[in-house]
Amino acid sequence: MAANNHSLSAAYWRANLKILAICLFFWFAVSFGCGILLFDFLNQWQIGGYKLGFWFAQQGSIYCFVALIFIYAYCMNKLDDKYSLKNKREAQ
Amino acid sequence: MELQTLIYLVVGATFLVYIAIAILTRATSTGEFYVAGKGIHPFANGMATAADWMSAASFISMAGLIAFIGYDASAYLMGWTGGYVLLALLLAPYLRKFGKFTVPEFIGDRFYSRTARIVAVICLIIASVTYVIGQMKGVGVAFSRFLEVDFEMGVLIGMCIVFVYAVLGGMKGITYTQIAQYVILIFAYTVPAVFISMQLTGVALPQLGLGAELQTTSGETVYLLDKLDATLADLGFAQFTEHKGSTINLFLLTLSLMIGTAGLPHVIIRFFTVPNVKAARSSAGWALVFIAILYTTAPAVGGMSMFNLLKTMQPVQTEQNTSISSTSTSQLPPAALDYEQRPDWFKTWEATGLLAVDDKNNDGQIQYYNENNPEMQAKAQIYGWAGNELVKVDRDIMVLANPEIAKLPNWVIALVAAGGIAAALSTAAGLLLAISSAISHDLLKGTFMPNITEKAELNAGRLAMIGAIVVAGYLGMNPPGFAAQVVALAFGLAASSIFPALMMGIFSRRVNKQGAIVGMLAGLLSTLIYIFCFKGFFFIPGTEIFADNADEWLLGISPEAFGAVGAFINFTLAFVISYLGRAPEADIQQMIEGIRTPD
């Protein structure tokens, strides 16, 4: 049972790291990517009066950050539920 | 009603609210004093975190910075918001699961070392004290500007208000006051912004207004940002939306501000106040929602107030779609602001000394242009200009004068005064709590007097708070030379010492006591030394080794942006030393397992 618990928590941690990695990829992409490294390239398009790279740097990245945290919280809550359900089922 | 009376009424009313909250939320245990009894709803904690985070600098200075450096200020916008993603994903849920009172306590327990805990306390105190000086100064400035009292008197009043609710209520009192302060500061920030956006573009949301078309009498259609860029270029300045500095520096500055934000103890401890791990995750999201409302408005305030300033200085150019380049062939100078015709807000701020003109060529007009630009120097010769005549524009005016420029009613001006004071007080209180809990909980209870009773520790916490307020107030009134360098220091230290230690403590089972201590010290010292090399040792003028400009910086990295490099040094050394030594014992492994598994 102890070994089972151990592999369960290892699986939980791996799933957690996967969610983390995906979220951090987008965190990097919208700010450092679109806002800084691709700034000049993206500026060839516009959203209204905003050049796209400028918009990402001063508006878009911030909106994406907010969305990312809530998406992360949602995914982690589902992950928690999944593993605690499994735990309970195995305990019965 | 007379403006001054109105300001007194509005600011006085907000103070009554803070004191009422203090009386209702007395802390009766150390749990309430340090972490508000862990019973704060994640939504409410998000609001309190936003007020805790947004300081006098965010409220007053950031939009001014954006107005003058445009795109390059993106580092602050992305850095000070993106840090919350790191906080929410990498630190807050795990530290909440750990479930104790302070940040050094986690470092001490995880690295099973009193030394590590004390090193963390030192990092915390240096970062927080430098930060709190700026807040106390902010309180003094807001008071002296709006309430016509002395600067020192302003700081003193601010100290007394914080004293009442922070000493009595601890974290519990601070939390509920911060919620009230958030409401006040966000109204004070967004109301003038909405009006200005309406006036210029007809769009109510400033976030959309900045990207909208200008409303012009001539019926021409031109985007506000394009017009702003063109007008700035005509005066020889860099364009608002163009990239001026180096990419590597912008990149590292953004990264340093992000990891610095995530590593600032007074922000982290706010997430100890929510009931569980799930709440810590969503609370970080709410915090960022409330912060984003101000941070996405700030570029609009910056851009639009710059546009209004240029419109005042160049009444003809911004009205018609003509530019110097098209008229310069006729050799006629473009009309500048006629000094006698200057608007009322101009006179008001001239009186404060934050705005100053000098009619160098005595033509009765005020020419505003970039006198360091060779092309403009050539034009100035032809036009008979004798240099830039708007000799001083304090960046803070961009927010403070906004309501007057937009001709808003007096109650809005009063609200801005109360908002500025709320922003400074809320951040000061959060920092003071971080400092006093490090002293009473980490140093006293954790190190020197482990057998102290809970009641005695609570009293010690209150005493430490009083001491911290007195020291912060004194330093606010007599700011040491380095007060202006707060950003570089506080964020650099948090980024290079605290953030890596916390992250490795959670995500690595292998990093041990020696690795963590050496890492923290190396990160702290490398960042301090790099900053000192350019800003002077302990910021004493004249002791700097290199001039503080881009040519002298190592690889073009500014001292403000060095925190990320310090963090890298910290991570590297900690891993190398840990892998050379022994892994932490089984009980520490179990503790790591514990914080990784939510209940």
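So you know, we letter chains A, B, ... as the sequences are listed, proteins then strands, and number each from 1.
Neither the backbone nor the side chain of A:Phe26 has a heavy atom closer than 4.5 Å to any heavy atom of chain B. Residue contact with chain A, scored on non-hydrogen atoms closer than 4.5 Å, involves the backbone and the side chain of B:Leu210 alike. Of the atoms belonging to B:Leu89, heavy atoms from both backbone and side chain fall under 4.5 Å from chain A. Using a 4.5 Å cut-off between heavy atoms, B:Leu255 touches chain A through backbone and side chain atoms alike. For A:Ile19, no part lies under 4.5 angstrom from a heavy atom of chain B.
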Would you please test B:Leu224 and B:Leu200 for side-chain contact (heavy atoms from CB on, under 4.5 Å) and show each step? CA-CA 8 Å; B:Leu224 191 154; B:Leu200 287 178; 4.1 Å; yes
When you look at B:Val301 and B:Met398, which way does the side-chain contact (heavy atoms from CB on, under 4.5 Å) test go after all the steps? CA-CA 8 Å; B:Val301 174; B:Met398 292 297 170; 5.7 Å; no
Could you please spell out the steps behind the side-chain contact (heavy atoms from CB on, under 4.5 Å) verdict for B:Leu86 and A:Leu24? CA-CA 8 Å; B:Leu86 298 181; A:Leu24 286 179; 3.9 Å; yes
Apply side-chain contact (heavy atoms from CB on, under 4.5 Å) to the pair A:Leu20 and B:Leu90, showing each step before the final yes or no. CA-CA 8 Å; A:Leu20 251 182; B:Leu90 302 176; 3.8 Å; yes
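The residue among A:Leu17, A:Ile36, A:Leu37 with the most heavy atom pairs within less than 4.5 Å of chain B is A:Ile36. For chain B, the option among A:Ala67, A:Gly53, A:Gly48, A:Gly35 with the highest count of heavy-atom pairs below 4.5 Å is A:Gly48. When each of B:Val85, B:Leu77, B:Ile66 is checked for heavy-atom pairs under 4.5 Å with chain A, B:Val85 comes out on top.
Classification of the A:Phe28-A:Phe32 ring pair by plane angle, with boundaries at 30° and 60°, yields parallel.
Every residue meeting the ring pair (Phe, Tyr, Trp, His ring centres under 6.0 Å) condition with B:Tyr182, not counting sequence neighbours, appears here in chain and number order: B:Phe290.
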For chain B against chain A, print all donor and acceptor atom pairs separated by less than 3.5 Å.
from, atom 1, to, atom 2, distance (Å)
B:Gly70, O, A:Gln58, NE2, 3.2
B:Tyr71, OH, A:Gly35, O, 2.5
B:Ser74, OG, A:Gln58, NE2, 3.2
B:Gly82, O, A:Trp27, NE1, 3.4
B:Tyr94, OH, A:Asn16, ND2, 2.9
B:Gln207, O, A:Tyr50, OH, 2.7
B:Gly211, O, A:Gly49, N, 2.6
B:Thr241, OG1, A:Lys51, NZ, 2.9
B:Arg281, NH1, A:Asn77, OD1, 3.2
B:Arg281, NH1, A:Asp80, OD2, 3.0
B:Arg281, NH2, A:Asp80, OD2, 3.4
B:Thr296, O, A:Gln59, NE2, 2.8
B:Glu593, OE2, A:Ser9, OG, 3.2

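Summarising the geometry, atom CZ belonging to B:Phe307 is positioned 10.0 Å from atom CG belonging to B:Leu232; distances are rounded to the nearest 0.5 Å. Taking CD1 from A:Ile71 and CE from A:Met76, the interatomic distance works out to 14.5 Å, rounded to the nearest 0.5 Å. In this structure, the separation between CG on B:Leu95 and CD1 on B:Ile595 is 7.0 Å, given to the nearest 0.5 Å. In this structure, CZ on A:Phe39 lies 13.0 Å from CZ on A:Phe56, to the nearest 0.5 angstrom.
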